[in-house]
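Each chain gets a letter, A, B and so on, in the order the sequences are listed, and its residues count up from 1. What you see below is based on every heavy atom in this structure, not just the backbone, and it leaves out hydrogens, waters and symmetry mates.
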Amino acid sequence: MTKKRFSAVGFIAAVAIAVSGLVVPSASAADDIVVWADESRGANLKKALAVKSDWVSGYTITVKAFSNFDALKDAFDKATDASGPDIIMGANDWVPTGAKSGKLAPVTLTASQKARFTPGQLFDLTYKGNLYGVPVDVNNVAMIYNTKLVTTAPKTFGEMVAFYKANKASKSLKAGLCVAGGGMSWGAHSIFSALGADAFQFDSRDKIIYNRSFNGTTFGKNVRTYLLDGKKSNGFLPASDAGCKDNFLAGTVPYAIIGNWEWSDYVAKGFTMNLMPVPGVTAGTNGKMFGSVSGALLTTYAAKHGSEAGAKSLLTNFFGSTAGQVLYQKYEGRPPAEKGAALDATVTAAQRGFGAAASLAGIPQIGAFLNSNAGGASYWDSAPAYWTAVLVDGKDAVTEGNKLAAIWRANTSAGKADL
Amino acid sequence: MTSFFTGKVSFAIKLVVVLLVSAVLLTLTQSAFAQKEYFIAGFLAITIFLLILTYLSKISIPLKFFLPGILLLVAFVLSPILYTVTMSTYNYKTGNIVSQGEAIEQVKNRGFEPDANGTSFDIKIGRYEMQEAILVSDTINKAYFISTVNNRIPLNAADLTINEYSVAESAPDFETLSDADMAKADELYSLKRFKYQDEYFIALEGFEVGVVSRQVLEFDEAKDQFKNVITGDIYVNNGRGNYAIAGSPDKYLEPGWRAPIWFENYTKLFTDKRLRGPLVSVFIWTVTFATLSVLTTFALGLILALALNKPIRGRRFYRSILILPYAMPSIMSILIWGGMFNTEFGAINNLLGTQIAWFQSALFAKFAIILVNLWLGFPYFYLISSGALQAIPSELLEAAAIDGANPRQIFRRITMPLLLQILSPLLIASFAFNFNNFNLIYLLTGGGPRAELDGELAGATDILISFTYKIAFGNSIQDLGLASAISLVIFVLVASISMYGLRKSKVLESFE
Amino acid sequence: MNLWLRNNAWRHALVIFVCLFSLFPLYLVVISSFNSTGSLRLDSFIPREFSFANYKMLFTDPTIPYMTWVKNSLIIAGATAVLSVTIGSASAFAFSRLYFKGRKTGIQLLLLVQMFPAILAISAVYVIMERVYTFAPSIGLGTQAGLLLIYLGGAMGVNIWLLKGFVDSIPKELDEAAKIDGASAVQTYWLIFMPLAAPVLAVVALLSFIGTFNEFILARLFLVDMEARTVAVGFQQFIGGPYSDNWGPFVAGSIIASVPIVAIFLSLQKYIVNGLTAGSVKG
């Protein structure tokens, strides 16, 4: 090549290398704690964290909000230490799988820190003896009744059904009790339980019995009595939750199970705090409902990024502290898990109402039992399948009830290994 | 104009562009190398080499046309395929996700337990005698000491500054780390085990708390096993991705790692009764669904094309409406159709005055799927059938008419065969597309209905790919290795059927 | 009159019936978008209320930067379409016109590669882009450029199939004439082929545009920042999560997103019909 060409090429190469400097990375900040959350929690976290600039000295905190909860889970499943977060706001049933797969790292709380939460809440985020995060908000459901339709709180399940039948025509009721929040597996557990089908059995000392399940025949007979008219559904309980919220708000369904995360929608429509657990078949009993916590979970990527101590400090200084939880729930509006925060004056009456209803009849959401599909299907799949089979397809309530009991018993036995 | 593409000017431009791109890629290669991404660095290096070779010389003219395409294909289509094939030979599922080195490290990290009382102290991190150290405050017993990795130095409370919480803030000869330095020191201090007593040490839990623990699991690198120093249990590498106690395979340490198990995932497909049954029934439905989809959309599209083959009034208007389903975003359309099939308030039940539980009955759900796919797909076949009809030379049809053939015969003997010859590649492509039409099944029925209470694994409308997706990304146990194996099997099936169709339609002969 | 009835009445009747079939769901979409409760419940075919609440939400709610999303979608889909067509047409030209060893095997391999079920592809691609991010953050995970590269990965395979037939149908004599004039393959490509192929390429570009516009699975993993999202990802916010069931803005947004696509589609109708089919014609 001629000298001229050579220098021309050299010049171009130099320009090119300069240009390509744009794609060379700058040193990534080693003093950053990355938190992942879904679209609502993420946005509110950012606001809460922005209040103070030094929750953990020497660190900046970055919150990444994904477009929805599924996207968050998807990304977390695929992440590796190159891109993974240090802390993730996840559901409690992520803990067993995350711990097993080496994505979550254990956290050790001091005795005084542990005292800030109930043992049940800590249990929700524990797997095989290790705690993997800090409980942040409580998710539970409760039953609400429309005071314009129903004047007194029902004391038994039968009362609700009787009311529905008596008023179905005159008030053009579309259903008696529907599940507006939590779905036909999680939210509907209180209905299962009220009629005799608890997901797992406790003995008199509140310890779990692993190899026993509910009595499918008793449950099936209750379903026949209260939910069926011969072989068909009597319309009291719809098999799906579609349209439940709309119908309840429109006054065409007197009782509904709602979740604490959407209470504000009901307030906006003028409903007052008449929350209660679902009444059981006999007076004085209730249907048990799941109370679960979502937590701020520590990932194994934090140690890889050299932010482990910082992330742990953030968990205790912000996520697990009274001040942090009060601040965060101010924006998020869910009941806080931390005891001091739960007593704080800014926690609305609504959250307290849910808490009260839940404490009357709450049971922990034990992922090991509910996620296991050793019996052929997990709790999440088999529960709504029961409603479909009996209320829609007209299958026999007792037969299907026994099938369900067998599945749940197998799941519980197998799930014991995962506690 | 032609001269623009020849001669010195064009060569100069080409040289500049190639050099620019190569320079950028070179920098990227260096950065990749620096970050230890050797595969990617190697790929980029090869890319540079190929680019220069292809565009600055005349070695291969065709390569000039499809080099970028091939490179992108290799990077983002071939490598995922290779990844899938590789993973199908691994025990790659929940609990066995990370690499072995990673798993060992994590077991080590979890391999210590707090002491019986859960003792914890308030600490301050800093340096003492040129080493990393922590200033420990036992606020309950009002005892204070400094701990380095090897030493524990008790302190006199009188020498220290103690705050109102009884926490020591500073001590003589102890340099507290400033806030700004704490973040950088995180990694260093987090790994340290500060001396406490006997086998117990203090480990950091955040910057202000230290927890007393002892190591329970120790790793023996030479023997590739873990030992529980308290109970004496030995955990050996079980060859499937976990360290387990020999003789008690149920007692294993977590997390495990992804370990090669070769063809076990494949044999499972044939031997596991729980999988075999659903796989066969899902396969049958997948083939049925793909075939019916192609047939119905093609039939409707063709009929419309025939109907509008004549320039009747309003043809343009009709055509604009007919292609609307194809132009709309399919996610939206599928979800809307899902709402329309709702049992209680769906528009379909409203219209027909029925109460059919569309998605709770296998038969109706399948019908719904075919119907929605028809709605989504017929405009495409209408368009291509229209064009194909127009492409048939009219002289052929006229000649046949003159010879005395009636319209039906003309259609059957001349039009149809020609149409099929023209459209067969697209029909085959449509079959292959629908065989893997994940979006429709996932968004419309979710694969259901499924008799979970009877232990069914697959739903009535599940096709192979949606069934595999549940195995790979379902809620409880995600078995990616098994899903990869199924993917490979699906691939072999689709490829064989499509290749057979292509051979029969003699499309590939155009490439001889 | 009888003749007209016999010949044409059935055509009109059939086509009108199918048009109703086409329009029915779209009519419901439009009605729901004006329904302020944001549900898909449609108990009557005549809308009982007519509210712009959903549309207003899209444009005024600060947590929904809808127009930004539309802009992002247009940019990504547009860039993908243009680049994808360029790659595809060049490859189709080479496979059709140039004779080289392994031509038939090559195209068979391309076809096969496309049929592979891409279930784990997302995991693989995610890992690749994560690693790219470590040394090239502007084209790695989380960037639009990175997503664009991934979309282009499949460009060659998909488009070759659509274009091959068309390229075959261009008479070889044109090529030969050009060769006699001394044109190289590249020159033939740019000067003779491209002008002829413009309509077909426009069609392929449009199909690619629509496909990319609708893609949300990869996009929602990659484009996490609110400002970087595409419309398809943004919609996930409304309908995706376990606690969200907000059909109103989703439907309204879908309509707005569809309008430009439908408009382009309709205006290019003639090209589309010619383009999709010209590929299948054999002389």
Side-chain angles (χ1 to χ4, degrees), chain B residues 2 5 28 31-32 35 37 40 61-62 65-66 68-69 72-73 75-77 79-81 83-84 87 304 307 312 318 320-322 324-325 327-332 336-337 339 345 347 383-384 386-388 391 422-423 429 432 436 465 468-469 472 483-484 487 490-491 494-495 498 510-511, chain C residues 8 11 14-15 18-19 22-23 25-26 28-29 40-43 87 90-91 93-94 98 100 103-104 107 112-113 115-121 124-125 131 134-136 150 152-157 161 168 183 185-187 214 254 257-258 261-262 265-266 269 272-274 276-277 280-281:
Chain B
T2 324
F5 285 95
L28 285 179
S31 314
Q35 297 281 343
E37 296 293 345
I40 302 187
I61 307 242
F65 285 92
F66 46 69
L72 285 166
L73 191 83
F76 296 112
V77 177
S79 45
I81 293 181
Y83 180 74
T84 308
M87 281 309 153
L304 285 172
I312 57 175
Y318 287 138
S320 318
I321 299 202
L322 286 177
L324 280 180
M328 297 252 115
S330 56
I331 324 170
M332 176 190 86
I336 300 285
W337 270 101
F345 349 93
L383 287 176
I384 62 177
S386 283
I422 295 176
L423 297 178
N436 284 334
I465 198 170
T468 315
Y469 183 83
S484 304
S487 298
I490 296 178
F491 170 64
V494 170
S498 307
S510 67
F511 286 96
Chain C
N8 292 350
R11 295 173 195 267
L14 171 71
V15 174
V18 179
C19 282
S22 289
L23 285 177
L26 303 177
L28 290 175
V29 171
L40 271 187
R41 283 190 48 211
L42 303 146
D43 12 355
I87 295 177
S91 312
F93 181 79
L98 309 173
F100 53 94
R103 197 170 74 138
K104 187 167 167 205
I107 198 131
L112 283 181
V113 153
M115 293 184 200
F116 200 90
I119 297 204
L120 276 210
V125 161
R131 297 183 175 192
T134 60
F135 64 86
I150 301 178
L152 290 177
M156 185 159 119
W161 200 227
D168 283 346
V186 177
Q187 288 163 337
N214 283 338
S254 302
S258 322
I261 300 181
V262 175
F265 216 93
L266 293 179
Q269 244 192 80
I272 292 172
V273 175
N274 286 341
L276 277 173
T277 57
S280 355
V281 175

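Residue T84(B) holds its OG1 atom at 5.0 Å from CZ of F116(C), rounded to the nearest 0.5 Å. Between the SG atom in C19(C) and the CD1 atom in I321(B) there is a gap of 5.0 Å [rounded to 0.5 Å]. Note that the CD1 atom of I336(B) and the OG atom of S254(C) stand 6.5 Å from one another [nearest 0.5 Å]. Taking CE of M115(C) as the start and CG of N436(B) as the end, the distance is 10.0 Å to the nearest 0.5 Å.
The greatest number of non-hydrogen atom pairs below 4.5 Å with chain C, out of P68(B), A472(B), S79(B), P325(B), is found for P325(B). Options A257(C), A155(C), G157(C), P25(C) differ in how many heavy-atom pairs under 4.5 Å they form with chain B, and the most are formed by P25(C). When A75(B), A429(B), S330(B), A432(B) are compared by the number of non-hydrogen pairs under 4.5 Å with chain C, S330(B) comes out ahead. The candidate from L14(C), V29(C), V18(C) with the greatest count of non-hydrogen atom pairs under 4.5 Å with chain B is V18(C).
Closest approach of A347(B) and L28(C) over heavy atoms only: CB-CD1, 3.5 Å. Closest of all the heavy-atom pairs between G69(B) and I87(C) is CA-CG2, 3.5 Å.
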(request) Apply the test side-chain contact (heavy atoms from CB on, under 4.5 Å) to residues M328(B) and V262(C): give CA-CA distance (whole Å), side-chain angles for both, the deciding distance (0.1 Å), then the verdict. (result) CA-CA 7 Å; M328(B) 297 252 115; V262(C) 175; 3.9 Å; yes
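Contacts of V494(B) with chain C are made by both backbone and side-chain atoms, with heavy-atom separations under 4.5 Å. Looking at F76(B), the atoms closer than 4.5 Å to chain C (heavy atoms on both sides) sit in the backbone and in the side chain alike. Only the side chain of I40(B) has a heavy atom closer than 4.5 Å to any heavy atom of chain C. Contact of A483(B) with chain C is not made at all, since no heavy-atom distance falls under 4.5 Å.
Annotation: side chain of L112(C) is in contact with side chain of F491(B) (closest heavy-atom distance under 4.5 Å). Here the side chains of P117(C) and T468(B) are not in contact, with every heavy-atom distance at 4.5 Å or above. At least one side-chain heavy atom of T134(C) sits less than 4.5 Å from a side-chain heavy atom of E37(B). At a threshold of 4.5 Å between non-hydrogen side-chain atoms, the residues P62(B) and L98(C) count as touching.
Proximity of the aromatic rings of F66(B) and F100(C) is defined here by a centroid distance below 6.0 angstrom, and this criterion is met.
Around CZ of R131(C), the count of heavy atoms belonging to other residues, nucleotides or ligands within 6.0 Å does not exceed 12.
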